[in-house]
Amino acid sequence: MSKAASKMCTGSIRQGGGALEDIVSIAPVGEPRQKITVASLREKKLQHQPITCLTAYDYASARLVDQASIDIVLVGDSLAMTMLGYPDTLSVTVDEMLHHTKAVRRGVKRAMLVADMPYGSYHVGADDAVRNAARFMKEAGAEVVKIEGGEKRADLIRRVIDAEIPVAGHIGLTPQSVNVMGGYKVQGKSLAEIEQLMRDAVALDRAGVAFLVLEGIPREVASMITAEVATPTIGIGAGPDCDGQVLVFHDILNLTFTPPAKFVRRYGDAAALITDAAHAFREDVIAHQYPADRESYHLCKETQQALETVLERKRGMRR
Ligand code: KIV
């Protein structure tokens with residue numbers, strides 16, 4: 001092939017490449033939207049505007065969730081089960097959480113990016129907690145870290161906040177305490193438990209948490225806490241009276257392979273979509289229906305002609 005022909009025909013199959021035919025995807029440039037901050041969440045609470053939060057664990061889902069104008073994207077340690085197939089959240093490590101948080105960071109522009117501190121990353125002491133929390137900010141670009149536990153964690157949370165790291169609280173059913181709770185059980189059902197939950201909420205509010213996740217508690221208790229604290233409450237299995245709601249991405253899309261909890265509402269069936277697509281692809285390949293000519297790359301005319309000439313010459317030499 002001549003140098004000129006090769007130059008004319010070269011095109012990258014990646015974005016920013018060259019020949020138009022060869023560009024596989026073009027990312028649209030989004031409209032600038034107002035960034036969600038700790039202050040804007042407080043403002044939403046004051047204005048009684050519901051706050052929305054979904055988990056996301058990778059670039060693509062984070063980008064879609066952010067583009068849907070969800071306020072908070074949470075890289076939850078539920079990724080231990082949804083993404084990594086562990087039986088519970090206990091075994092996921094700081095490094096695994098950082099890996100997913102970095103991917104989510106690349107997909108999120110407007111939403112507040114929150115990362116869960118995994119089990120063991122803040123249980124040894126405050127110095128260790130600050131060191132680990134700082135990794136989520138410096139290495140992965142998280143804006144807030146979430147720590148499970150109430151009153152007994154208030155001092156530690158204060159230490160992390162003092163290190164300029166915003167913290168979200170999480171009380172009620174705290175999955176990292178599954179072995180202490182004896183299972184994933186609704187919390188705050190007795191008067192003594194309600195009193196403790198109120199103390200937990202007030203202690204974290206005073207410590208200055210950015211928001212407070214209320215998980216697996218009666219609606220009535222969540223409503224009382226929401227009225228009592230200045231920080232926004234984000235409920236999951238805590239009824240409709242919280243300042244906002246959070247659900248797990250895989251739960252709302254039927255990607256968990258287990259029956260959903262009572263509070264889960266399914267908004268789509270990605271399992272069916274993926275299964276159908278995988279079957280259809282397999283059938284097309286087996287039936288030689290994929291790829292079609294229009295899904296194939298082609299040589300440009302000049303190269304094709306040059307190649308023909310070379311092949312013709314070779315055929316001639318063989319005769
Ligand atoms: O890990 C997680 O997904 C969570 C939510 C359930 C709040 O902590």
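Predicted model only: the values in this text are computed from it and were never measured. Counting starts at 1 for both ligands and their atoms, in listed order.
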TODO: Evaluate side-chain contact (heavy atoms from CB on, under 4.5 Å) for Y119 paired with V92, printing each intermediate quantity in order.
DONE: CA-CA 7 Å; Y119 177 68; V92 72; over 6 Å; no

Task: Nearest heavy-atom neighbours spanning G150 and I171 - done: CA-CG2, 3.7 Å

N/O of [X] under 3.5 Å from N/O of ligand 1, yes or no?
{"X": "S78", "answer": "yes"}
{"X": "Y57", "answer": "no"}
{"X": "K146", "answer": "yes"}

Task: Donor-acceptor pair, side chain of S223 and main chain of R219, under 3.5 angstrom - done: no

Open item on the list: Is it the case that the side chain of Q47 and the backbone of K45 share a donor-acceptor pair, with hydrogens and angles ignored and the cut-off at 3.5 Å?
Closed with: no

Show me which atoms of ligand 1 lie under 4.0 Å from any heavy atom of [X].
{"X": "V248", "answer": "3 (O)"}
{"X": "G76", "answer": "1 (O), 2 (C), 3 (O)"}
{"X": "L74", "answer": "4 (C), 5 (C), 7 (C), 8 (O)"}
{"X": "T55", "answer": "3 (O)"}

Task: Side chain, backbone, both or neither: T89 near ligand 1, heavy atoms under 4.0 Å - done: neither

Open item on the list: Does only the side chain of I236 get under 4.0 Å from ligand 1, or the backbone, or both, or neither? Count heavy atoms.
Closed with: side chain

Open item on the list: Working note: Q196 + E151, criterion side chain to side chain donor-acceptor pair (under 3.5 Å); need CA distance, chi angles, decisive distance, verdict.
Closed with: CA-CA 8 Å; Q196 182 58 53; E151 200 176 17; 3.1 Å; yes

Open item on the list: Tell me whether H170 reaches ligand 1 (any heavy atom closer than 4.0 angstrom to a ligand atom).
Closed with: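 Right, H170 reaches ligand 1.
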
Task: Residues E283 and Q289: side-chain donor-acceptor under 3.5 angstrom - done: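 The answer is no; no qualifying pair exists.
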
Task: Test applied, salt bridge (charged side-chain N to carboxylate O under 4.0 Å, His left out); reference residue, D155; option that passes from R159, R158, R153 - done: R158

